[in-house]
Amino acid sequence: MPIATIDGLRIHFEQFDAEPEERRRVLFVHGTGCNASLWLPTMEHLAAAGHSSVAIDLPGHGESEGLGFRGVADYASFVGRLADALGWASYSVAGHSLGGGVALAVALYHSKPLDGLILVDTGARLRVHPAILRNAYAAAAGEERDAPSNPQLGYAETTQPAVIDEIAALRAHESADVTYRDWIADDSCDFMSRLRDIRVPAIAICGAEDGLTPVKYHEHFRDHLPNCSLEVIPDAGHWPYFEQPTAFRAALLGFLDG
């Protein structure tokens with residue numbers, strides 16, 4: 001099991017090496033209440049296309065030690081230092097949802113080796129609905145939630161229940177305490193005034209039916225983040241790399257190969 005020790009914490013990551021020769025390196029960052037395993041099918045596809053990749057379990061998630069954080073900059077420090085520990089001279093960082101906020105923080109605070117930025121169903125500002133925060137707090141405290149969760153929330157209307165169940169299973173063992181901290185990290189994330197300072201080549205990829213971080217968030221990236229293109233994935237919601245993996249991988253490889 002690949003492990004790096006960062007700030008005294010054992011940080012787990014998944015790794016796929018390129019076959020047969022390495023062209024680009026990508027470091028994947030998961031979203032709220034998630035872990036590195038959600039990126040594995042994408043990483044395997046990239047390896048076959050010649051791109052090496054690593055996916056981090058952020059502190060407190062998956063197999064990593066820690067209690068999580070209430071801010072994306074703290075998570076970004078672990079991402080940047082993992083790249084250092086791997087000896088990567090340059091790499092692209094890809095972040096989904098909360099991971100997109102972390103990726104923006106990496107670009108701003110750990111930008112020296114960065115050669116690409118991949119923003120997946122995320123935003124420069126990630127405000128969270130108060131009801132979500134209340135329910136996350138209740139879950140962490142072992143209290144009754146305001147309302148039962150909607151399993152279809154964030155998905156396209158046509159997304160199959162098997163896909164939703166697969167993602168739920170991969171997230172099932174994440175700590176409610178850490179997930180609540182993640183939601184606070186989302187809600188406090190705001191890089192609206194800093195996008196102009198990020199100069200690395202970038203792409204924003206978004207599901208056309210994403211109701212959590214909608215297309216307009218990604219149009220903002222296209223219009224205000226220098227060197228940023230936009231790909232909207234039809235028939236996908238907040239999880240296009242699971243809902244429409246072929247279209248998502250084509251957009252990702254188009255960016256990396258370009």
Side-chain angles (χ1 to χ4, degrees), residues 26-36 38-39 42 55-56 58 61 68-76 78-80 92-111 114 116-129 132-133 153-156 167 171 179 181-198 200-233 236-244 247-248 251-252 255:
V26 183
L27 203 161
F28 288 98
V29 188
H30 61 75
T32 295
C34 296
N35 56 70
L38 279 88
W39 288 116
T42 302
I56 186 173
L58 293 172
H61 301 75
F69 295 109
R70 296 177 177 86
V72 295
D74 291 305
Y75 283 133
F78 280 79
V79 173
S92 295
V93 62
H96 171 237
S97 199
L98 170 65
V102 175
L104 289 170
V106 172
L108 285 165
Y109 304 130
H110 305 272
S111 60
L114 208 61
L117 183 61
I118 301 153
L119 302 166
V120 183
D121 290 82
T122 184
R125 181 165 56 204
L126 293 170
R127 291 291 180 261
V128 179
H129 194 283
I132 294 177
L133 287 172
L153 181 66
Y155 294 94
I167 294 172
R171 304 175 67 195
T179 299
R181 294 185 182 95
D182 283 352
W183 284 120
I184 295 175
D186 281 312
D187 198 48
S188 60
C189 176
D190 187 349
F191 291 117
M192 295 287 280
S193 65
R194 299 293 306 278
L195 293 182
R196 63 181 180 271
D197 300 327
I198 300 173
V200 298
I203 185 171
I205 306 175
C206 178
E209 299 179 42
D210 186 353
L212 298 176
T213 54
V215 173
K216 66 180 181 180
Y217 286 19
H218 304 77
E219 292 172 339
H220 188 85
F221 283 135
R222 178 198 62 198
D223 297 339
H224 295 89
L225 181 63
N227 306 316
C228 184
S229 59
L230 171 64
E231 287 283 346
V232 179
I233 308 297
H238 193 62
W239 306 85
Y241 53 101
F242 269 88
E243 295 175 85
Q244 297 294 337
F248 176 82
L252 181 56
F255 174 75

G207 and V215: which non-hydrogen atoms are nearest, and at how many Å?
O-CG2, 3.9 Å
What class does the angle between the rings of F69 and F78 fall in, given that below 30° is parallel, 30 to 60° is tilted and above 60° is perpendicular?
tilted
Side chain of H218, backbone of T122: donor and acceptor closer than 3.5 Å?
yes
Would you please classify the geometry between the Y241 ring and the H96 ring as parallel, tilted or perpendicular, with 30° and 60° separating the classes?
perpendicular
Yes or no on side chain to side chain contact (heavy atoms under 4.5 Å, CB included) for I205 and F255, after CA distance, side-chain angles and deciding distance?
CA-CA 10 Å; I205 306 175; F255 174 75; over 6 Å; no
Closest non-hydrogen atom pair, C206 against P214:
SG-C, 4.1 Å
May I have the step-by-step check of side chain to side chain contact (heavy atoms under 4.5 Å, CB included) for V106 and V29, ending in yes or no?
CA-CA 11 Å; V106 172; V29 188; over 6 Å; no
Kindly indicate whether the side chain of V120, heavy atoms from C-beta on, has any atom under 4.5 Å from the side chain of F248.
yes
To the nearest 0.5 Å, how far apart are CG in L126 and CG in D182?
11.5 Å
Measure the spacing between CD1 of I167 and OH of Y155 and express it to the nearest 0.5 Å.
3.5 Å
Rounded to the nearest 0.5 Å, the CG atom of L98 sits from the CD1 atom of I184 at a distance of 12.0 Å
Are V79 and H110 side-chain neighbours, meaning at least one heavy-atom pair lies under 4.5 Å?
no
Measuring from atom CD1 of I203 to atom CZ of F221, what distance do you get when rounded to the nearest 0.5 angstrom?
12.5 Å
Under 4.5 Å between any side-chain heavy atoms of H220 and M192, yes or no?
yes
Sub-4.5 Å side-chain heavy-atom contact between S97 and D121
no
Okay, side chain of R127, backbone of D190: is any donor-acceptor separation there less than 3.5 Å?
no
Would one find more than 12 heavy atoms of other residues, nucleotides or ligands at under 6.0 Å from atom CZ of R171?
yes
For residues L117 and L104, determine if any side-chain heavy atom of one lies less than 4.5 Å from a side-chain heavy atom of the other.
yes
Side-chain heavy-atom pair V26, L252 within 4.5 angstrom cut-off:
no
Residues H30 and L58: closest non-hydrogen pair is NE2-N, 3.1 Å
Tell me the closest heavy-atom pair linking C228 and A204, and the distance in Å.
SG-N, 3.9 Å
Shortest non-hydrogen contact between A105 and A73, atoms and distance:
CB-CA, 4.3 Å
Any non-hydrogen side-chain atom of Y217 less than 4.5 Å from a side-chain atom of D210?
no
Side-chain donor or acceptor of H61 paired with backbone N/O of G68 under 3.5 Å:
no
Test side chain to side chain contact (heavy atoms under 4.5 Å, CB included) applied to L108 and I198, step by step:
CA-CA 6 Å; L108 285 165; I198 300 173; 3.7 Å; yes
Reported CH2-to-CZ distance for the pair W183 and R70, which is rounded to 0.5 angstrom:
16.0 Å
Between I56 and A36, the two heavy atoms sitting closest are O-CB, 3.7 Å
Quick one, T32 and T179 - any side-chain contact, counting heavy atoms below 4.5 Å?
yes
So, Q244 side chain and I233 main chain: donor-acceptor pair closer than 3.5 Å or not?
no
Quick check for you: to the nearest 0.5 Å, what is the distance between D187 atom CG and R125 atom CZ?
11.0 Å
